[in-house]
2 protein chains.
Amino acid sequence: MASSIHDLARHLNISIGTVSRALNGRADVNAETRQRVLEAARTLNYSPNQSGRSLRQGATRSIAFMLQPHPGDQQYGEPFFIPFLTGLQAQLAEHDLDLMVVMGEPGQYQPERLRRVVETRRADAVVLANTRREDDRIDYLSKAGFPFATLGRSQSGGDTYPSLDIDFERAGEEAVDRLVARGHRRIAAIRPSLDLNFGYLFLDGYRKALRRHGIEVDPGLIADGFINETGGYQVTPRVMLSKDRPTAIIFNNDAMALGGCKALAEMGIRPGHDIAVIVIVDTPLCRYFSPALTAFRPSLEPMGRRLAEMLLASLPAFAGPEGTRIIREVWPLELVARESD
Amino acid sequence: MASSIHDLARHLNISIGTVSRALNGRADVNAETRQRVLEAARTLNYSPNQSGRSLRQGATRSIAFMLQPHPGDQQYGEPFFIPFLTGLQAQLAEHDLDLMVVMGEPGQYQPERLRRVVETRRADAVVLANTRREDDRIDYLSKAGFPFATLGRSQSGGDTYPSLDIDFERAGEEAVDRLVARGHRRIAAIRPSLDLNFGYLFLDGYRKALRRHGIEVDPGLIADGFINETGGYQVTPRVMLSKDRPTAIIFNNDAMALGGCKALAEMGIRPGHDIAVIVIVDTPLCRYFSPALTAFRPSLEPMGRRLAEMLLASLPAFAGPEGTRIIREVWPLELVARESD
DNA sequence: CGTTTTTCCGTAAACGTTTACGAGAACACA
DNA sequence: TGTGTTCTCGTAAACGTTTACGGAAAAACG
């Protein structure tokens, strides 16, 4: 069915070496024979077998992208990743690289699926998502000497790998700034309880801005919940029942915000009227929720493209002439003002 | 770094043939030597190089999943695919198969990216999403003799490949039944204008149910729009301005419904009060929209698992003992009654 | 003990590439 | 004409597997 380099060679009565060199644009092949080879390749519908090529070159020309659900959660960060993946894929495609998707096993953090891909050498590098503050996947990949990049910062592994993150700290600050400017002083912060780095970053920014405005940080206004709707639903009342009720809440996650708003509704508190609500990472859900939630929006598709670039620049086989490796990059979020604050 | 079968052989002072046979559970190897090989594999941290294996066996042990955006759209069917992909991946992982994601080039239907994967033999089979009524990808794969399965029915290719679809026809019927039971007689239908098969199926069910209830099908109440929010926004007024205004609208797509509701709001018409709205395929957006949209919900994750099963059963290398190939399967949707109807 | 069967293992080819090496032919130059 | 250079190509090894084949040793059988 599929023709090989041998078929071409036989058809043209030349050696496979010449055929290969002709196809790969090597200099030491006569212009005329190159033409004949290329033409034969077209008529015989030849394209190189990737397995053979990978075996010989020790590179698969494919990059793995790993999603990992958080324990207890079934979602893989649903609305977040498709746009990111779109950008990642588009950029990789420009380098003729394919994309493989690895999903961690739900309910646990063991990087078994990742290990399989690495050990069987199915991909040349890995992009990690759902990065945690301490991430055993990073430790594993570092130790294995396997190239990777991460979406989201981590404390694991040092500054040895490219990572691209959203500026949660600054978003936390800006959210507080905006609320203070609108007269709020009692501002609550609700973030995920797991070992997610962005929860810490967000809180840093939140605290920093409060202090800057001379507002005391009230631990009663800070709460952690599970990173989904239920978590937001459960934890929001806790903050609302503190002695001096907050007039604003910043949610560090869209799903938690939706759950929180449900709890607020049940308490008869209307976001946008009785309380201000801001969400740190915008998703389509924030836009269509009623009231539409004011949120900070990342540019996921460009981020996907960018992280692909950063990863490729860190791979010797792809490193550009200058060889400037980009290690960390933090992108700002854009405030989308809607009705909830 | 990575150890090969030769390393094991050298280490144990036996031949690579024996090592391979031991690892692959062949019968013609002594029980004791097999133990030694397995132990050495563990201590030397051996795992087989997939490129070598693929080359020899002519199979890559990976399945490609292809998303294709519709022309003019940047979205790849965003909220729909992650749960489906989760199920697909989970089932494939049970067979030690990896998943590769191919995204069609935005703005065109040419299956170039797909062709690349097929011709370089990067995957053993393909799962197609965003299936159209006449789908050149199906024609291409059929002609190439490459195994595939589709999410969604098509008219291309005949009954030669496994496909799994949602029962849009029945959902259209049930939507009409529900609305008629609630007293509606003027029911509009809004569906995507592209060559998407489910738009036709939905309309069949819609018409069938109307006739069954003795209601004349009014062409003025049926409209096509582009399959996104803008399309719904543009086309909904057209239906509302027909001489005898409808009292209910069935949207064949969540994004179109959201755009339609925006148009309705601007006309001062409130879904759930002034008009009934039902959406055929539920997404999280329907749930959080205000008013929450009554919708028909698919079970995407089980569907992903199922389609993986169907695909594997159609592959000679995986076909079970009975070899019963499942060609087509159509799954029902579940009505989720909310506030909009 | 001789013959047949079974058990176990080594040899080598094959999958489809790429590439180091060398060699023949053509050419340039003195 | 002799020497060196350039152009072009063929040869063969290598990447890491799997597997058909055959053969030696052990076991079974008469």
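Being a predicted model, the structure only gives us computed values, none of them experimental. Quick note on labels: first sequence line is chain A, next is B, and so on, each numbered from 1. Keep in mind that the numbers below use all heavy atoms, side chains included, and drop hydrogens, waters and symmetry copies.
The CG-P distance, from B/Leu12 to C/dC9, rounds to 11 Å in whole Å.
Minimum atom distance to the side chain of A/Gln57 is reached by C/dT18, of the listed D/dG16, D/dT19, C/dT18. Among the nucleotides D/dG16, C/dT19, D/dC9, the one closest to the side chain of A/Val29 is D/dC9.
To the nearest 0.5 angstrom, B/Leu114 atom CG is 10.5 Å from B/Ile138 atom CD1.
Counting non-hydrogen atoms under 4.0 angstrom, A/Ser54 reaches nothing in the nucleic acid. Note on B/Thr120: nothing from the nucleic acid sits closer than 4.0 angstrom, heavy atoms only. Nucleic acid contact for A/Thr33: sugar-phosphate only, since backbone atoms but no base atoms lie under 4.0 Å from a heavy atom of the residue. Contact annotation for B/Ile14: backbone-only contact, meaning every heavy-atom pair under 4.0 Å involves sugar-phosphate atoms and none involves a base. Nucleic acid contact class of A/Gly58 (heavy atoms, under 4.0 Å, all strands): none.
At C/dT17, none of the side-chain N or O atoms of A/Ser20 fall inside 4.0 Å of OP1 or OP2 (strictly under the cut-off). Taking 4.0 angstrom as the limit, B/Asn49 places none of its side-chain polar atoms (N or O) nearer than this to OP1 or OP2 of D/dC15. Taking side-chain N and O atoms only, B/Ser15 has no distance below 4.0 Å to OP1 or OP2 of C/dC9.
Taking the ring centre of B/Tyr109 as origin, the terminal cationic atom of B/Arg137 falls outside the region bounded by 6.0 Å and 45° from the ring axis.
Residue side chain A/Arg21 reaches the base of D/dG10 through a donor-acceptor N/O pair under 3.5 Å, judged by distance alone.
Not counting sequence neighbours, the partners of A/Asp165 by the salt bridge (charged side-chain N to carboxylate O under 4.0 Å, His left out) test are A/Arg153. With sequence neighbours excluded, no residue forms a salt bridge (charged side-chain N to carboxylate O under 4.0 Å, His left out) with A/Arg121.
Judged by closest nucleotide on DNA chain C, A/Ile5 is the one of A/Asp28 and A/Ile5 placed further toward the 5' end. Map A/Asn30 and B/His6 each onto its nearest nucleotide of DNA chain D; the residue landing nearer the 5' end is A/Asn30.
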